[in-house]
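This structure is a prediction, so every number in the text was calculated from the model and none was measured. Below, chain A is the first sequence line, B the second, and so on; all start at residue 1.
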Protein chains: 2
Amino acid sequence: MFSVLCAHELATISDNKSCTLYKKGQILFHEGTRPLGIFCINSGKVKVYKIGTDGKEQIIRIAGQGDLLGYKAMLAEEYYPVSAETLEDCTICFLSKHNFLETLNESSDLNQRIVKQVCQEHGMLVDEVTNQAQKSVRERFAMALLKLKDTYGLDGHEDGPVEINLTREDLANLVGTATETLIRLLHEFKEDGMLETQGRKIRIIDSRQLVKAARMM
Amino acid sequence: MFSVLCAHELATISDNKSCTLYKKGQILFHEGTRPLGIFCINSGKVKVYKIGTDGKEQIIRIAGQGDLLGYKAMLAEEYYPVSAETLEDCTICFLSKHNFLETLNESSDLNQRIVKQVCQEHGMLVDEVTNQAQKSVRERFAMALLKLKDTYGLDGHEDGPVEINLTREDLANLVGTATETLIRLLHEFKEDGMLETQGRKIRIIDSRQLVKAARMM
DNA sequence: CGAAAGATTGACTGAGTTCAACTGAAGTGG
DNA sequence: CCACTTCAGTTGAACTCAGTCAATCTTTCG
């Protein structure tokens with residue numbers, strides 16, 4: 001994201017950011033609080049979620065390496081609409097509101113890049129709403145797995161198959177279903193040869209078939 | 001939205017925009033096509049929708065007076081993720097991509113205003129996803145009615161009660177349910193004294209009770 | 001090791017979809 | 001101006017996907 005900046009601007013950010021090691025399960029920010037800066041994930045995975053009326057988590061996305069968090073609420077001048085919690089030990093940089101806005105002011109390139117990013121994310125959410133409203137749980141689960149494959153694929157330890165490492169509950173809250181339903185579907189997918197499981201870990205074998213199951217065209 | 005501009009900039013836009021009368025049912029732009037400019041609704045209502053995998057419309061929002069359409073896809077440098085169709089006769093201004101981007105470039109105030117707007121809309125969609133995933137059809141319908149009350153309230157013929165004028169099918173596609181289900185719920189709400197209907201028209205009587213039915217807190 | 005959290009399975013229930021039939025309203029072309 | 005078609009709205013009945021509840025098993029971790 002910051003690749004559009006010139007050397008000088010990058011240096012400013014570097015000087016002002018603070019990099020921290022977060023343990024698994026720590027909260028970066030809480031829904032309903034005021035944004036004080038932005039987070040950039042150096043390594044690890046973070047779940048971004050919202051609490052629904054009856055206390056159930058709805059996971060909006062799983063963020064990974066290179067993802068920027070918390071800037072949209074800041075630019076909207078609103079409280080965070082979501083919370084962010086680490087799913088593993090993470091290294092995450094923090095840049096204060098002041099420094100971020102200053103950099104943003106000085107670089108119209110960065111500005112453009114951010115606008116583009118937000119607009120793209122908006123488009124993705126429009127898709128998400130449509131899918132949530134019209135697709136079956138089975139289809140949504142298949143889509144979620146394909147997205148996670150991308151997210152977890154970036155870790156790229158080797159060129160080996162991607163391993164998704166989330167609790168069943170988190171998976172269910174990402175898809176928007178009950179944990180039990182998700183487990184049953186996982187079974188089905190396993191029987192159909194689309195994936196393998198090893199304890200918590202899910203390894204995708206047949207993406208092609210998942211695409212079909214998701215009816216993405 | 002353009003209120004942040006100075007007189008000179010406003011004049012430029014005014015000179016370059018073209019205002020057109022659209023008949024009910026006309027398409028402003030089609031999902032999957034390239035954005036050529038932005039639309040600003042002067043009067044009338046427009047439905048913004050996406051076609052799901054099996055051809056069903058998912059209405060993302062009903063836009064009204066003063067709303068800007070089609071700029072996010074432009075700024076994302078992507079094709080339109082949605083279509084826009086007039087629900088009544090409308091007066092709508094068009095500003096070419098070139099002119100819009102130029103104005104945007106010249107006014108950092110407008111830029112900031114746009115960024116803020118997009119980020120806010122993003123937050124609203126996050127809510128939408130959560131609601132779609134976790135709330136019952138009944139609750140979602142109640143919420144939709146309350147939102148529509150705002151949209152249709154702006155017409156403000158008098159201070160009289162707001163009348164929502166949408167087909168049952170459009171309402172269902174907004175809520176994300178089947179037309180039959182929506183009709184049955186409409187009946188329930190009528191019996192509970194939350195609203196009245198006159199043919200197609202829906203008049204909201206008891207917002208307070210709707211808020212309760214939506215379990216918004 | 002033992003407690004707590006996560007995972008799994010079965011049985012049951014019900015909200016909401018689908019299908020089908022029918023009514024009413026609104027065009028529209030002869 | 002009327003017959004005819006078409007589209008929107010409504011209602012009933014059957015069905016099904018997915019949620020809930022409860023019990024059990026497994027893993028993890030202090």
Return the value, rounded to whole Å, for the distance between atom CG of B:D170 and atom C1' of D:dG9. 13 Å
Taking for A:K190 and for B:R140 the nucleotide of DNA chain C with the nearest heavy atom, the one nearer the 5' end belongs to A:K190
The side chain of B:E169 lies closest to which of these nucleotides: D:dA8, C:dT9, C:dT18? D:dA8
NZ or CZ of B:K47 within 45° of B:Y49 ring axis and under 6.0 Å: yes
When rounded to whole Å, the CG to P distance for the pair A:L182 and D:dT20 reads 14 Å
Do the non-hydrogen side-chain atoms of A:L36 and A:F29 ever get within less than 4.5 Å of each other? no
Which nucleotide, D:dT11, D:dA8, C:dT9, lies nearest any side-chain atom of B:I183? D:dT11
Please report, rounded to the nearest Å, how far the C1' atom of D:dG30 is from the NZ atom of A:K23. 15 Å
Taking only side-chain nitrogens and oxygens of B:T181, does any of them come within less than 4.0 Å of OP1 or OP2 of C:dT17? yes
Between C:dT18 (P) and A:Q134 (CD): distance, integer Å: 10 Å
Nearest to side-chain heavy atoms of A:R184, which nucleotide of C:dA11, C:dG16, D:dG9: C:dA11
State plainly whether the residues A:D150 and A:R61 are in salt-bridge range, i.e. N to O under 4.0 Å. no
Tell me what B:T179 touches on the nucleic acid: a base, only sugar-phosphate, or nothing, going by heavy atoms under 4.0 Å. nothing
Interatomic distance, B:K135 NZ vs C:dA15 P [rounded to whole Å]: 17 Å
Between B:K24 and B:E88, does any side-chain N to carboxylate O distance fall below 4.0 Å? no
Among C:dG6, D:dA18, C:dT18, which is the nearest nucleotide to the side chain of B:A178? C:dT18
Look at the side-chain N and O atoms of B:R200 and state whether any lies under 4.0 Å from the OP1 or OP2 oxygen of D:dA8. no
Below 4.5 Å, heavy atoms only, C-beta onward: do A:I202 and A:L171 meet side chain to side chain? yes
Taking only N and O in the side chain of B:R168, is any of them less than 4.0 Å away from OP1 or OP2 of D:dT10? yes
Could you state the CZ-P distance from B:R138 to C:dT17, rounded to the nearest angstrom? 15 Å
Nearest whole Å is fine: how far is D:dA18 P from A:L185 CG? 7 Å
Measure CD/B:Q198 against P/C:dG24 and give the value in whole Å, please. 18 Å
Think A:H187 has a side-chain N or O under 4.0 angstrom from the OP1 or OP2 of C:dT9? yes
Can you tell me if A:T177 touches the phosphate of D:dG19, counting only side-chain N or O atoms and a distance under 4.0 Å to OP1 or OP2? yes
